[in-house]
2 protein chains.
Amino acid sequence: MYENSKTPKFLMTTKSIRIKDIAKLAGVSEGTVDRVLHNRGNVSIIALNKVNSVLNEIHYKPNLLARSLGRARNFKVSVLIPEPKTDAYWEEVNSGIIQASAEWENYGVTIDPFYYVHDGELSLELIANRSLNAKPDGMVIAPIFYPQALHVFSRLQELGLPYVLFNTNIPESKPLSFIGQDLFQSGMLAGQLMSIGNITREDILILHIGESIKDSVYLMEKEKGFREFYEKNVHHPVSITSINLDVNESLFKQNLEDMVKDKKITGIFVSTSKPVSTVAQIIQENSRQGIRLIGYDMLPENKNYLKNGWISFLINQNPKRQVIQGISHMVNHLLFNKHVPCTELFPLEVITQHNVDSYITSGIH
Amino acid sequence: MYENSKTPKFLMTTKSIRIKDIAKLAGVSEGTVDRVLHNRGNVSIIALNKVNSVLNEIHYKPNLLARSLGRARNFKVSVLIPEPKTDAYWEEVNSGIIQASAEWENYGVTIDPFYYVHDGELSLELIANRSLNAKPDGMVIAPIFYPQALHVFSRLQELGLPYVLFNTNIPESKPLSFIGQDLFQSGMLAGQLMSIGNITREDILILHIGESIKDSVYLMEKEKGFREFYEKNVHHPVSITSINLDVNESLFKQNLEDMVKDKKITGIFVSTSKPVSTVAQIIQENSRQGIRLIGYDMLPENKNYLKNGWISFLINQNPKRQVIQGISHMVNHLLFNKHVPCTELFPLEVITQHNVDSYITSGIH
DNA sequence: GTGGGAAATGTGTGCGCACACAGTTAAATT
DNA sequence: AATTTAACTGTGTGCGCACACATTTCCCAC
C-alpha cells in the first residue's frame, strides 16, 4: 500500500495521520485536503465529499508544531493593564505577560503590553486607540474602571476584533473569554474564614479601599458574598459595616486608625490587595491582636504581615496566572481556531501563615 | 549582506537568529554549527573557535518546534504509580498521565503508564523490570513503599537511566528531580488550621490510616510538623495522640468509632487522603459536630463531606499536577537538555467548604 | 611521491503543514 | 468557432532544525 523502501515514519506512531495520508485515502492532492480543512474554497463538491468522508472515518489531529512552522503569517496580541509601576499587583501581571511572550515566541506570536491609568492621556480609551494603531489580531484586557471600559468594547465590537477579559468581568461586554474569580464566592469564603471558631458576638468592618472606588463595581459582589455567608451560617450576633475609603483623601489614614482603635471590632475584611498591608500596619501599631484581618493577594508587603500573624488570611487572585491564561486563550483562538471557554473561574486560594512560602517558592504559580 | 529578492523572514522578528545565520557569520556550514551546538565531534579547533565566537556575541535560542519536527528520534517515558482502580487519589494521577501524553505527542514522546501494588507479581520491582523491557529513555515514579523503592533506584542507577520522583521523596535516591509537597510544612499548616479560634484545652488525634502503613515513612513528617506547630504557637493545654490504623484489620471501623465517640476529642488530623471520608462518616453518624476534621485531597467522597461541613479542611496535594510536572521535567531534560529543578515543592492548598467548587470547576487544576 | 584511511566539512533530504503559483478544464464572452 | 476568464487541482517551496551521506582535506605509511 505504501513505499517499501522504508517504513514511513507515521506508522511508528499509529496515531499520527497526516494530510498526505488523507490525500491518498481520498484520492486527491494534499493541496485539496488543505483547502477543505481550512475552508479556503475552490473545491468541487466531488472532491469535498471525498475528503469529508475520509475525515469522518479517521481522527485527524493536526501537528500544531508543523502548522506553526509552516505558517507564513505572524500574529500580534495587545495586552492592556493598569500601570504596573505603582501597584505590585499589576507588576505581577506584567511578569506574566513577559513569561507568556517567551512561551509563544516560536509560534510566531508577538505580545505587546500597554499600560493605562484612570484619567488623562494614559486613560484606557486613549491607550486602547494607541494599541489599535499597532494592528493587533486580538486584545487581552483587564478593565478595572467600568464606564471607560464600555467605550473600548463598543469600538472593538465595531472592528470585529476578538478580545479576552481578565480580572474583572463587565456584564455588558462580549469577550471571547473571561478569566477571573467568582467574586461573590470569594466573599463567602472570606466570611467562612472570618467566622471560624467564633461563637460569641462579632463586629466586622468591610473596607473598600482604592482610588475612584465608585467606578469599581465589582467590589460589591465580594461584600454580598460575605454578608450572605453570615446570614446563612452564623447564629450568634453579628454586626457588619461596610465603608468606602479613598486613598487620595487627606484623612484616609486617620479615619482608618479611628476604626482600628474601636475596641468592639473583631474582624476586618479588605476587598482589594494593595491596602491590606496599610491596615495591618495600623493594627500592629495599635496592638490590636484581637482583630482577624482578611484581604487579597500575596503582594510583598502583605506577605510580611501574614508571616508575622497580623494578617490572618489572604485570598489569592493569582493575577499572573490569569493573564497567562488569557493570552493562551486568545492565541489558541487565533492560531488554531480552538474553542476556548466563555468563562474561566480560577480557584479561590486560601493563603495563610504556614502555606504562604509554599506559594512563593513554587514554580507553577 | 543578504539576498535582495525578499526580506528574509527572520528579519521580521529580530530576535530569531537561526543556525543558517550563525553559519554565515562564522564562515562555516550549517552542518558544522549543528555539530558544535550538539557536541557531536569532528569539528576542527579552527571551526570550533569561529562558531563559539559568534555564539558568544549573539543570543541564539533554538526554535524548539522546528527541533522536534526535525528530530529523527522518538522518546519513551515510563510512569510507575500504584494501581489506580482501588484508590481515587491514583485515579487522579492517571488522568494527569493521559493529559501529559496528549500534550507531548507532537514532540515525538510516548508516555507509558505501569501500575503496581504492594506485593507479588505486580510489586514495584517486578513492574519496574517490565517497564524496562520497553526500553524507556526515562522514568517517572511515585514510590510509596520505602524498601521496594530502594532496589528499583539501584537498578536505574546502574543502567544510567534518568528518573523523576513525585509524591514521595526517598532521601537515598538520586532523582533528576523530585516533585511533591513539603510534608513537615503541611503538618504545620494542619496544626494552624486546627488551632484557629480555639482558646481553651484541645484533645487531638493524629490518625495514620492505610495498608502497610509501617513502610510509609513519609507520614511521620506530617505528624512532626503538626506537633511542632502546637509546641511553638499554642499556649493553652493541648493533648495530641497519634495512632496507626490498618484498613485491613477486622476491628478497624470499630476502633475508629470508639475514638470518635470519646467526648474529649476536639479535633482529628488524618495524614492521608482516602480514609478521611470514612472518619467523616463516623463523625456524622455519631453527631460529633464539635470535632474539627482535617485531611488531604479532594477525592469525590471527601468533597461531599467537606461541602456538608463534616470535614473542615483538606490540604490538596494536587497529585494530577504533580505527575504532569514530573513528566514535563523528564521530557524537557531528554529533548531539550533543559536544566530542571532538583526539587519542586508544590503550594500547600487549603480546601474548605466555600472554595472547593472553585477548584473542582477550574481548568488549571 | 603516491595511495589509503580517517577526520572534517558541506550538502541534501526529511519532519508536517501552509500556501503561492503553474497547469488544466469548463464556462462565459466576443 | 475562437478566445478569454474563472474555477479547480496539483505541485513545489519554505518554515528551522536534525542528521545521513557525499565530498574534500589532511595525515601517515610505504
Side-chain angles (χ1 to χ4, degrees), chain A residues 3 5-13 15-24 26-51 60-75 105-109 335-337, chain B residues 3 5-13 15-24 26-51 60-75 105-109 335-337:
Chain A
E3 292 177 1
S5 61
K6 258 186 190 171
T7 308
K9 189 172 179 180
F10 89 94
L11 284 181
M12 292 193 276
T13 56
K15 290 185 192 169
S16 305
I17 304 292
R18 303 159 301 172
I19 285 179
K20 184 173 186 171
D21 308 308
I22 295 175
K24 185 155 281 192
V28 298
S29 73
E30 292 162 43
T32 301
V33 176
D34 168 80
R35 275 184 285 272
V36 173
L37 286 176
H38 294 284
N39 293 309
R40 298 196 205 278
N42 285 348
V43 179
S44 68
I45 292 288
I46 294 176
L48 184 63
N49 287 337
K50 282 184 188 175
V51 174
Y60 169 66
K61 189 160 168 283
N63 183 322
L64 299 183
L65 309 192
R67 177 172 285 184
S68 296
L69 198 58
R71 178 189 288 116
R73 177 169 182 205
N74 291 328
F75 289 91
E105 185 180 19
N106 284 339
Y107 289 86
V109 180
L335 265 65
F336 307 126
N337 241 329
Chain B
E3 292 178 5
S5 60
K6 258 186 186 168
T7 307
K9 190 172 178 182
F10 90 94
L11 284 179
M12 289 193 279
T13 56
K15 291 189 193 167
S16 304
I17 305 293
R18 303 160 301 174
I19 285 179
K20 185 174 185 169
D21 308 308
I22 296 175
K24 186 156 282 192
V28 298
S29 71
E30 291 161 45
T32 301
V33 175
D34 169 79
R35 276 184 286 273
V36 172
L37 287 175
H38 294 283
N39 293 308
R40 299 196 206 279
N42 285 346
V43 180
S44 69
I45 293 286
I46 294 175
L48 183 63
N49 287 336
K50 281 183 186 175
V51 174
Y60 168 68
K61 188 160 168 281
N63 183 323
L64 298 184
L65 309 193
R67 176 172 285 184
S68 296
L69 197 58
R71 176 188 288 117
R73 176 168 181 206
N74 291 327
F75 289 91
E105 185 179 19
N106 282 340
Y107 289 86
V109 180
L335 264 65
F336 307 126
N337 242 328

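Only this structure's heavy atoms are used, side chains among them; waters, hydrogens and symmetry mates stay out. We name chains A, B, ... by the order of the sequence lines, and we start the count at 1 in each one.
- Under a 3.5 Å cut-off, the side chain of B/Arg71 and the backbone N or O of B/Leu335 do form a donor-acceptor pair.
- Within residues 39-50 of chain B, the residues having any heavy atom under 4.0 Å from DNA chain C are, by residue number, B/Asn42, B/Val43, B/Ser44, B/Ala47.
- Distances shown here put every side-chain N or O of A/Thr32 at or beyond 4.0 Å from the OP1 or OP2 atom of D/dC8.
- For B/Val28, taking side-chain heavy atoms from C-beta onward, the closest of the listed nucleotides D/dA18, D/dG16, C/dG10 is C/dG10.
- With salt bridges taken as basic N to acidic carboxylate O contacts below 4.0 Å, one links A/Arg18 and A/Asp21.
- Checking the phosphate oxygens (OP1, OP2) of D/dA18, a side-chain nitrogen or oxygen of B/His38 falls inside 4.0 Å.
- Residue-level contact check: B/Asn63 touches the backbone only, with heavy atoms under 4.0 Å from sugar-phosphate atoms and none from bases.
- Taking atom CD of B/Glu30 as the reference point, atom P of D/dT23 lies 19 Å away to the nearest angstrom.
- With C/dG10, C/dG16, D/dT11 as the candidates, the nucleotide lying closest to the side chain of A/Ser29 is D/dT11.
- With DNA chain D read from its 5' end, the first of the two nearest nucleotides for B/Arg35 and B/Leu64 is the one closest to B/Leu64.
- Considering only side-chain N and O atoms, A/Arg67 lies nowhere under 4.0 angstrom from the phosphate OP1 or OP2 of C/dG16.
- Atom CG of A/Asn63 is separated from atom OH of B/Tyr107 by 9.5 Å, given to the nearest 0.5 angstrom.
- At the heavy-atom level, B/Tyr107 lies nowhere under 4.0 Å from the strands shown.
- Summary for the helix from C/dG1-D/dC30 to C/dT30-D/dA1: the axes at its two ends, each from 5 pairs, differ by 60° when rounded to the nearest 10 degrees.
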